[in-house]
**Student:** 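Take a look at this one; I'll ask things after.
All figures in this text were calculated on a predicted structure; none of them were measured in a lab. Below, chain A is the first sequence line, B the second, and so on; all start at residue 1.
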Amino acid sequence: MDIKAYLALSLTLFTIGIIGVLVRRNAIIVFMCIELMLNSVNLLLVAFSKMHAASTAAKASLTFASDAQIFVFFIMIVAAAEVSVGLAIIVMMYRNTHSIDVNFLNRLKN
Amino acid sequence: MSVTTLLFILLSVMAVGSALMMLLTKSPVHSILWLIVVFFAISGHYILLNAQFLAIVNIIVYAGAIMVLFLFVVMLMNLNSESEPAKNYRLHLIGIISGGSLLLVLLAAVMKIDLAHPVMMKVGEAGLISKLGKTLFTDYVLPFEISSVLFLSAMIGAVVIGKKD
């Protein structure tokens, strides 16, 4: 499979995430779109690692491909930590304003 | 057309279609369920790339933990109302146009590059658990331990933010 197919797929998913962040106003869905963007980048990292493993320069040391996948693993770890704090913030926001509309929060005060 | 190509196309259509459905559905719970379908499609891609560890971790962490957390928040706070009042269609149009032009620019830029090597599918040992485990616990043992501290601080932060004062 050509790398360009993966590039096109990842960019499409990433753009869908960006459009979601721009268009939707439900804070939870905006947050989910950020997760989608993280996932599309993860997919591209894995695809590039497999492409790099196919190149002749990397034949000698195959650990580079593992390195990229460890990176993806750490991205998942950070995403999990981010989600727990972000959802706590959304719960707090709902408790204070009784709404999860992000347009409602155009200022930090009040 | 080989089976691998067919599977790639099937999983890609599944991922992009479910992502679009996630955007288009009004109900947050349905949105979350569609996003779970996207994650399963991406896990299928990982399996196709022979990254078995990441496929399993993606299902466990994303579909299993993060999405359940989202569902808990939506259902506990009873947020499943389809209320997005006062729709601003001009804003929707601007968002879609800017996102679409970004996609066009990125695709046009990226398709120009010349990468000769194909992506190895279904072969290569880099994604197997034994290889990744060795790399993780030799070269990356310090970041791994630091990530546990990150999780602890995230847990404390979530409790501190979420508790009633």
Side-chain angles (χ1 to χ4, degrees), chain A residues 1-9 11-13 15-20 22-26 28-29 32-33 35-36 39 42-43 46-47 49-55 62-63 65-67 69-70 72-74 76-85 87-92 94 100-101, chain B residues 4-5 8 12 15-16 19-20 22-23 28 31-32 35 38-39 42 45-46 49 51 54 57 61-62 65-66 69-70 73-74 77 79 84 92 95-96 98-99 102-103 106-107 110-111 115 117-121 124-127 131-132 135-136 140 143 147 150-151 154-155 157-158 161-162:
Chain A
M1 185 64 67
D2 200 11
I3 187 69
K4 283 175 183 171
Y6 280 101
L7 275 166
L9 172 65
L11 286 177
T12 311
L13 285 177
T15 314
I16 290 172
I18 284 181
I19 291 175
L22 289 177
V23 165
R24 294 302 294 261
R25 300 189 319 184
N26 191 330
I28 288 179
I29 294 180
M32 276 160 48
C33 289
E35 295 301 312
L36 181 65
N39 256 283
N42 281 350
L43 178 63
V46 175
S49 87
K50 299 299 281 191
M51 189 198 78
H52 185 73
S55 70
L62 265 174
T63 54
S66 296
D67 283 0
Q69 302 197 6
I70 297 282
V72 173
F73 181 59
F74 280 122
M76 284 177 183
I77 288 175
V78 173
E82 169 228 333
V83 161
S84 63
V85 176
L87 279 176
I89 290 174
I90 289 177
V91 168
M92 209 56 207
Y94 181 72
I100 49 168
D101 195 332
Chain B
T4 313
T5 316
F8 177 84
S12 302
V16 173
L20 281 176
M22 181 199 82
L23 270 190
S31 246
I32 291 168
L35 192 59
V38 177
F39 288 155
I42 288 177
H45 273 298
Y46 287 155
L49 287 166
L54 284 180
V57 165
V61 171
Y62 270 108
I66 293 181
L69 206 60
F70 272 101
V73 168
V74 169
M77 299 197 308
L79 295 178
E84 285 203 2
H92 282 202
I96 289 168
S98 49
L102 176 76
L103 177 64
L106 281 176
L107 277 182
V110 149
M111 290 305 156
L115 292 166
H117 301 293
V119 181
M120 283 202 306
M121 300 179 94
E125 296 196 332
K131 271 272 165 43
L132 277 182
T135 316
L136 187 62
Y140 291 94
S147 69
L150 174 75
F151 264 125
M155 194 174 76
I161 292 171

**Student:** Below 4.5 Å from any heavy atom of chain A, which atoms of Val38(B) appear? Answer side chain, backbone, both or neither.
**Tutor:** side chain
**Student:** Please state whether the rings of Tyr6(A) and His45(B) are parallel, tilted or perpendicular, taking 30° and 60° as the class boundaries.
**Tutor:** perpendicular
**Student:** Identify the heavy atoms of Ile19(A) and Gly95(B) that sit nearest to each other, and give their distance.
**Tutor:**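 Reported closest heavy-atom pair: CG1-O, 4.1 Å.
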**Student:** At a 4.5 Å cut-off on heavy atoms, which part of Ala65(B) comes close to chain A: side chain, backbone, both, or neither?
**Tutor:** neither
**Student:** How many angstroms lie between atom CG of Asn39(A) and atom OH of Tyr46(B), to the nearest 0.5 angstrom?
**Tutor:** 5.5 Å
**Student:** Restricting to side-chain contact (heavy atoms from CB on, under 4.5 Å), what partner residues turn up for Leu106(B), sequence neighbours left out?
**Tutor:**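 side-chain contact (heavy atoms from CB on, under 4.5 Å) list for Leu106(B), sorted by chain: Leu11(A), Leu102(B).
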**Student:** Which atoms of Ile77(A) come close to chain B, meaning under 4.5 Å heavy atom to heavy atom: side chain ones, backbone ones, both, or neither?
**Tutor:** both
**Student:** Is the shortest heavy-atom distance from the side chain of Val110(B) to the side chain of Lys4(A) under 4.5 Å?
**Tutor:**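 With C-beta onward as the side chain, the pair stays apart.
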**Student:** Taking all heavy atoms of Ser31(B) and all of Ile29(A), pick out the closest pair and write down the distance.
**Tutor:**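 Smallest interatomic distance, heavy atoms only, reads OG-CD1, 3.7 Å.
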**Student:** Could you grab the distance from atom CD1 of Ile28(A) to atom CD1 of Ile32(B), nearest 0.5 Å is fine?
**Tutor:**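 With rounding to 0.5 Å, CD1 (Ile28(A)) is 6.0 Å from CD1 (Ile32(B)).
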**Student:** With sequence neighbours left out, what residues match Thr5(B) under side chain to side chain donor-acceptor pair (under 3.5 Å)?
**Tutor:**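 Counting only residues at least two positions away or on another chain, Thr5(B) forms a side chain to side chain donor-acceptor pair (under 3.5 Å) with Ser2(B).
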**Student:** Considering all heavy atoms of both residues, which atom of Ala158(B) and which atom of Ala88(A) are nearest to each other, and what is their separation?
**Tutor:** O-CB, 3.7 Å
**Student:** Please find the pair of heavy atoms, one from Val91(A) and one from Val73(B), that lie closest to each other, and give the distance.
**Tutor:** CG2-CG1, 4.0 Å
**Student:** I want to check something: taking the side chain as every heavy atom from C-beta on, are Phe73(A) and Leu132(B) in contact at a cut-off of under 4.5 Å?
**Tutor:**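 They are not in contact (no side-chain heavy atoms under 4.5 Å apart), so the answer is no.
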**Student:** For a quick test of reading the model, state the closest non-hydrogen atom pair linking Ala19(B) to Leu13(A) and the distance between them.
**Tutor:**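 Closest approach of Ala19(B) to Leu13(A): CB-CD2, 3.8 Å.
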**Student:** What distance separates Thr135(B) OG1 from Ile70(A) CD1, expressed to the nearest 0.5 Å?
**Tutor:** 5.5 Å
